[in-house]
Amino acid sequence: MPTTPESLSKNSPAWGRLGLAATSLLVITGCATVEHPNPNDPWESYNRTMDKINYNVDNALVKPIANTYKTLTPQPVQSCIHNMFRNVGDVWSAANSFLQGRPHDFFNTLGRVLFNTTMGVGGCFDVASKNGAQRIPNDFGTTLGVWGIGSGPYVVLPLIGPSTVRDSAALAGGVAVGFSESSPIVAIKNVPVRNSILGLYFVDLRTGLLDADAMVNDIALDRYSFIRDAYLQRRQSLVNRKLRSPTDDSYGDDLPNYEDFDDNEDTTSTTN
């Protein structure tokens with residue numbers, strides 16, 4: 001489609017946000033300098049810079065899309081989409097429980113997947129949680145931690161956000177070999193369908209963080225430090241949890257919940 005003054009005018013809000021994001025990248029780069037970084041965050045100067053870049057890009061481009069999706073999409077449809085992606089994610093969690101030598105978690109999570117896929121209409125309804133089978137969050141970064149690999153320094157990844165050296169390696173390695181939560185989507189051969197589902201997947205992820213994002217902005221004196229400390233505490237707690245007895249009913253009671261804010265909510269009527 002040729003570019004015309006009319007088309008540029010119609011798309012001016014989008015181009016304005018793009019320009020704002022690009023300007024932010026140029027202005028912010030190299031601005032953050034921390035002389036005495038946190039011991040767990042030796043790359044704090046870089047991390048604060050990247051965090052500001054991510055924050056500006058998110059506010060200019062990603063967050064408006066998530067807010068529009070949340071506003072225009074009926075709540076039951078949002079819940080169904082969210083639950084279906086989580087159901088696929090449970091397969092990933094089960095695989096990591098197996099690698100960690102936790103048969104109790106492996107079979108419980110596999111049971112969740114089977115129950116939600118059949119009785120929950122392909123995962124549209126989280127009937128497993130309603131019947132007491134709660135999600136067991138897991139990923140390959142946690143698996144590496146259980147295997148004894150240290151987390152390494154905290155690092156903020158472009159567009160992705162909080163991570164550690166271990167979690168970054170786990171993410172990159174998993175994507176490279178097709179062993180990640182998004183691998184079933186990436187494996188779809190029909191390119192338009194695959195890209196559409198991937199786009200919806202990331203929009204659903206960002207929509208699920210809108211409430212948490214608002215909470216952080218309201219209560220945190222230093223947004224960057226708050227997110228970093230919460231992330232590191234959450235990740236260490238996940239590894240510690242996996243190192244306990246699989247049959248200990250209390251082994252997850254002390255796990256702070258900074259990611260899955262809707263685990264215990266009525267997912268047929270509410271989503272983030």
Side-chain angles (χ1 to χ4, degrees), residues 21 24 38 40-41 47-48 50-73 75-90 92-93 126 129 134-139 141-142 151 154-164 167-168 171 181-182 199-241 252-272:
S24 298
N38 185 295
N40 293 323
D41 188 7
N47 286 334
R48 283 186 177 273
M50 184 53 64
D51 178 71
K52 289 180 181 179
I53 292 173
N54 286 346
Y55 181 79
N56 281 276
V57 172
D58 178 69
N59 279 322
L61 300 175
V62 184
K63 191 174 180 179
I65 295 174
N67 278 317
T68 300
Y69 169 80
K70 185 174 183 179
T71 300
L72 299 181
T73 307
Q75 193 64 57
V77 176
Q78 287 187 51
S79 296
C80 179
I81 292 171
H82 183 68
N83 289 337
M84 292 181 76
F85 282 133
R86 284 164 65 96
N87 193 47
V88 174
D90 280 342
W92 168 243
S93 295
D126 188 3
S129 292
Q134 299 300 321
R135 295 187 74 241
I136 302 175
N138 216 340
D139 57 74
T142 304
S151 67
Y154 177 76
V155 59
V156 178
L157 300 177
L159 300 180
I160 295 175
S163 187
T164 61
D167 292 345
S168 299
L171 176 63
E181 186 171 343
S182 60
L200 183 59
Y201 171 71
F202 288 117
V203 169
D204 174 70
L205 281 179
R206 185 61 186 90
T207 303
L209 293 172
L210 287 174
D211 290 343
D213 186 55
M215 179 194 72
V216 172
N217 289 334
D218 286 342
I219 68 175
L221 297 178
D222 181 357
R223 182 179 180 277
Y224 170 81
S225 296
F226 183 93
I227 293 175
R228 176 195 62 201
D229 295 343
Y231 179 84
L232 292 176
Q233 182 184 4
R234 166 74 176 178
R235 297 303 295 172
Q236 187 57 51
S237 296
L238 278 170
V239 174
N240 292 342
R241 175 183 181 180
D253 290 350
D254 63 342
L255 179 63
N257 194 349
Y258 299 114
E259 296 176 357
D260 297 320
F261 288 90
D262 58 341
D263 275 351
N264 297 316
E265 293 179 0
D266 183 353
T267 51
T268 60
S269 59
T270 305
T271 188
N272 286 334

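Just so you know, residue 1 is the first one in the sequence shown, and it goes up from there. Below, all heavy atoms of this structure are taken into account, side chains as well, without hydrogens, waters or symmetry copies.
- Taking the side chain as every heavy atom from C-beta outward, K52 and Y224 never approach each other to under 4.5 Å.
- Here the closest non-hydrogen pair linking Q134 and S129 is NE2-O, 3.2 Å.
- M50 has its side chain out of reach of V155: every pair of non-hydrogen atoms, C-beta onward, lies at least 4.5 Å apart.
- The distance from the CG atom of L205 to the CG atom of L200 is 10.0 Å, given to the nearest 0.5 Å.
- Shown here for K70 and Q78, the closest heavy-atom pair between the two residues is O-NE2, 3.0 Å.
- Every residue meeting the ring-ring contact (aromatic ring centres under 6.0 Å, His included) condition with Y201, not counting sequence neighbours, appears here in chain and number order: F85.
- The shortest distance between side-chain heavy atoms of L238 and P137 falls below 4.5 Å.
- Pairing each heavy atom of N54 with each of L157, the nearest pair is ND2-O, 2.9 Å.
- Counting only N and O atoms by type, the side chains of D139 and T142 include a donor and acceptor under 3.5 Å apart.
- The shortest side-chain heavy-atom distance between K63 and L209 does not fall under the 4.5 Å cut-off.
- Using a 4.0 Å cut-off between charged nitrogen and carboxylate oxygen, R48 and D222 count as a salt-bridge pair.
- Annotation: the span from C80 atom SG to D126 atom CG amounts to 11.5 Å, rounded to 0.5 Å.
- Residues V203 and I65 approach most closely at CG2-CG2, 4.0 Å, considering heavy atoms.
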Evaluate N240 against Q236 for side chain to side chain donor-acceptor pair (under 3.5 Å), listing each step before the verdict. CA-CA 6 Å; N240 292 342; Q236 187 57 51; 3.0 Å; yes

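- A salt bridge links D167 to R235: at least one charged side-chain nitrogen sits closer than 4.0 Å to a carboxylate oxygen.
- Residues F226 and I219 meet the side-chain proximity criterion, which asks for heavy atoms closer than 4.5 Å.
- Side-chain contact between Y154 and N40: absent, with no pair of heavy atoms (C-beta onward) separated by less than 4.5 Å.
- Taking 4.5 Å as the limit, some side-chain heavy atom of R223 sits within range of a side-chain heavy atom of Y55.
- Under the 4.5 Å side-chain criterion, counting only non-hydrogen atoms from C-beta, R228 is in contact with D41.
- Atoms CG and CD, from D90 and E181 in turn, are 8.5 Å apart once rounded to the nearest 0.5 Å.
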